[in-house]
Amino acid sequence: MHCTRKITDDLYYVGGSDRRLEKFENLFPIERGVSYNSYLFLDEKTCLLDTVDSSITRLYLENVKHVLSGRKLDYLVVHHMEPDHCANIEEILVRHPETTVVGNDKTFAFIRQFYPDLDLEGRKLVVKEGDVLKLGKHELHFFMAPMVHWPEVMVSYDPYDKVLFSADAFGTFGALNGNLFADEVNFDRDFLDDARRYYTNIVGKYGVQVQMALKKLASVDIQLVCSLHGPVWRKDIAYLMDKYQHWSTYTPEEKGVMIVYGSMYGDNENVAECLATLLSEEGVHDVRVYDASKTTPSVLVSEAFRLSNIVFVTPTYNMTIYPAIEIFVDDLLRMGLKNRTLTLIENGTWAPMANRLLREKLKEPAFRFTPHDLTVRSSLDEEKLKELASLAKEIKESL
């Protein structure tokens, strides 16, 4: 049975949601599932925009068949060749041999790699920056968006309905639960954390490229944003753009502190808890405390993009940084995060050296440091508690 929704007079949603998948890209936990979005124009020409993951193939094909209602499919536009969006290209073309596939040079190079036996001779249209595909009253204007977040990515814009088909940009984790539009839910409550986690873990490394894409689109009047994951935006577009402006420039959304600790026997956990209390007493109330051994790195990375300050509380472990902390640090570096103020607290019973090793990894000028580090020997005593209180004041001043 089909499950579609009408977006405008001529544009339909034909995607669906997957709630069975445990980890997106087999890396990032998605307890709330994920949607795979595809859209279909019914104009003088019909045009399908992207396909979906193989996990929802049956639903997807039923949706496309229902909306077409016997019409032929003239075009399939491929904005992005990642398998969660391209897995049904061959299925669509088997059912619709009349269809022309639209993509750029790199799109078709990737199609050959994923589908080596697929013959597109006479069935493809290669587009480049500024090209236009006419469907009738609707037109698709193409903008290349390389490395947002694959090299072949492009987006398209229909000036008639002022809709941007944004590929993975502006996407989010989370199943749609029947609410296709962002304004049908409380976005900050229901999707913002997942949107941030999606961006920071999937696209976060490519802030420069995202900025280039945003500048290309700055002069375009966008009234609808149709991403390949998550809800469709038809209101508050400026809010969405502002979030991407922050994330892609590595600018903190909020002045606040995340305390990330590694603790084998509870002593560093105690340090983290005491620091959180001291910060609260100093008037800093946006404080989040995370156990790096328990919290998935994808959440930690997302919070690091959100907040202005990060405190690392880590033991020295086999003369190195505690592994769970180091995984998080390496993820931050891999995502290119910068413009954060860091505070370092180490623990070592006989040879503490984690702070030095962290400083070697997290270098200025990408990161700033509060004036003093703290070294704890085994457990927190009264003298070190006083130093911790001074450190809390330094963190407050850095905000």
Side-chain angles (χ1 to χ4, degrees), residues 1-5 7 12-40 48-67 76 78-95 110 114-115 149-150 153 165-182 184-204 225-233 294-303 327 331:
M1 180 62 68
H2 68 87
C3 186
T4 64
R5 282 197 69 178
I7 299 174
Y12 294 80
Y13 177 83
V14 292
S17 292
D18 181 358
R19 295 174 183 82
R20 294 185 179 185
L21 188 67
E22 291 187 7
K23 291 184 178 180
F24 189 80
E25 295 185 351
N26 211 21
L27 284 173
F28 310 112
I30 47 170
E31 295 179 1
R32 298 177 58 248
V34 66
S35 70
Y36 303 112
N37 299 343
S38 175
Y39 308 92
L40 180 55
L48 183 63
L49 297 115
D50 299 290
T51 72
V52 298
D53 189 80
S54 58
S55 63
I56 61 167
T57 292
R58 180 179 174 185
L59 168 69
Y60 173 66
L61 295 175
E62 289 174 353
N63 287 349
V64 172
K65 180 179 179 180
H66 170 75
V67 173
L76 166 62
V78 181
H79 291 100
H80 184 23
M81 273 299 298
E82 203 166 4
D84 55 333
H85 307 299
C86 80
N88 280 275
I89 289 176
E90 194 167 44
E91 291 287 348
I92 288 294
L93 295 180
V94 166
R95 287 161 175 76
F110 288 177
F114 281 107
Y115 298 103
H149 60 118
W150 276 26
V153 172
F165 298 97
S166 61
D168 270 347
F170 309 115
T172 174
F173 295 136
L176 293 180
N177 300 319
N179 298 306
L180 176 60
F181 298 99
E184 293 178 332
V185 298
N186 183 325
F187 186 83
D188 280 7
R189 179 194 67 200
D190 297 338
F191 278 105
L192 180 56
D193 284 347
D194 274 333
R196 184 187 301 107
R197 194 161 63 89
Y198 176 85
Y199 176 89
T200 57
N201 287 274
I202 306 298
V203 191
V225 177
C226 294
S227 174
L228 290 177
H229 296 290
V232 171
W233 283 77
K294 184 177 182 181
T295 309
T296 172
S298 74
V299 169
L300 298 178
V301 168
S302 179
E303 281 289 83
I327 288 170
D331 275 353

Pair I92-L48, side-chain contact (heavy atoms from CB on, under 4.5 Å): steps then yes or no | CA-CA 10 Å; I92 288 294; L48 183 63; 3.9 Å; yes
Could you check whether any side-chain heavy atom of [X] comes within less than 4.5 Å of a side-chain heavy atom of [Y], counting everything from C-beta outward?
{"X": "F187", "Y": "P231", "answer": "yes"}
{"X": "Y198", "Y": "D168", "answer": "yes"}
{"X": "F114", "Y": "E90", "answer": "no"}
{"X": "N63", "Y": "L40", "answer": "no"}
{"X": "Y36", "Y": "Y60", "answer": "no"}

Measure the [atom1]-[atom2] distance between [X] and [Y] for me, rounded to the nearest 0.5 Å.
{"X": "I56", "Y": "R20", "atom1": "CD1", "atom2": "CZ", "value": "12.0 Å"}
{"X": "I202", "Y": "H149", "atom1": "CD1", "atom2": "NE2", "value": "6.0 Å"}
{"X": "E91", "Y": "R58", "atom1": "CD", "atom2": "CZ", "value": "13.5 Å"}
{"X": "S35", "Y": "N177", "atom1": "OG", "atom2": "CG", "value": "10.0 Å"}
{"X": "L180", "Y": "C226", "atom1": "CG", "atom2": "SG", "value": "7.5 Å"}
{"X": "D53", "Y": "L228", "atom1": "CG", "atom2": "CG", "value": "12.0 Å"}

Could you go through the side chain to side chain donor-acceptor pair (under 3.5 Å) check for D50 and H85 one step at a time?
-> CA-CA 6 Å; D50 299 290; H85 307 299; over 6 Å; no
Tell me whether the centres of the aromatic rings in Y12 and H66 are closer together than 6.0 Å.
->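 Not under 6.0 Å, so no.
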Under the side chain to side chain donor-acceptor pair (under 3.5 Å) criterion, do D18 and S55 qualify, and how do the steps go?
-> CA-CA 7 Å; D18 181 358; S55 63; 3.1 Å; yes
Is it true that a side-chain atom of N179 and a backbone atom of V185 form a donor plus acceptor pair closer than 3.5 Å?
->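 No; zero donor-acceptor contacts below 3.5 Å.
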Any donor-acceptor pair under 3.5 Å linking the side chain of D331 with the backbone of S298?
->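 Answer holds: no.
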Looking at every heavy atom in both [X] and [Y], which two are closest together, and how far apart are they?
{"X": "V14", "Y": "V64", "answer": "CG2-CG2, 4.2 Å"}
{"X": "S38", "Y": "V52", "answer": "CB-CG1, 4.0 Å"}
{"X": "S227", "Y": "S166", "answer": "CA-OG, 3.4 Å"}
{"X": "Y115", "Y": "C86", "answer": "OH-O, 2.6 Å"}
{"X": "H80", "Y": "A167", "answer": "CB-CB, 4.5 Å"}
{"X": "Y13", "Y": "L176", "answer": "OH-CD1, 3.5 Å"}

Side-chain donor/acceptor pairs under 3.5 Å, residues 26-33, sequence neighbours excluded:
from, atom 1, to, atom 2, distance (Å)
R32, NH1, D190, O, 3.1
R32, NH1, D194, OD2, 2.3
R32, NH2, D190, O, 2.9

Start with the C-alpha gap between T57 and N88, add the side-chain angles, then the distance that decides, and say whether side chain to side chain donor-acceptor pair (under 3.5 Å) holds.
-> CA-CA 7 Å; T57 292; N88 280 275; 3.0 Å; yes
Dump the intermediate steps for side-chain contact (heavy atoms from CB on, under 4.5 Å) on D84 and F24, then the final yes or no.
-> CA-CA 10 Å; D84 55 333; F24 189 80; 3.4 Å; yes
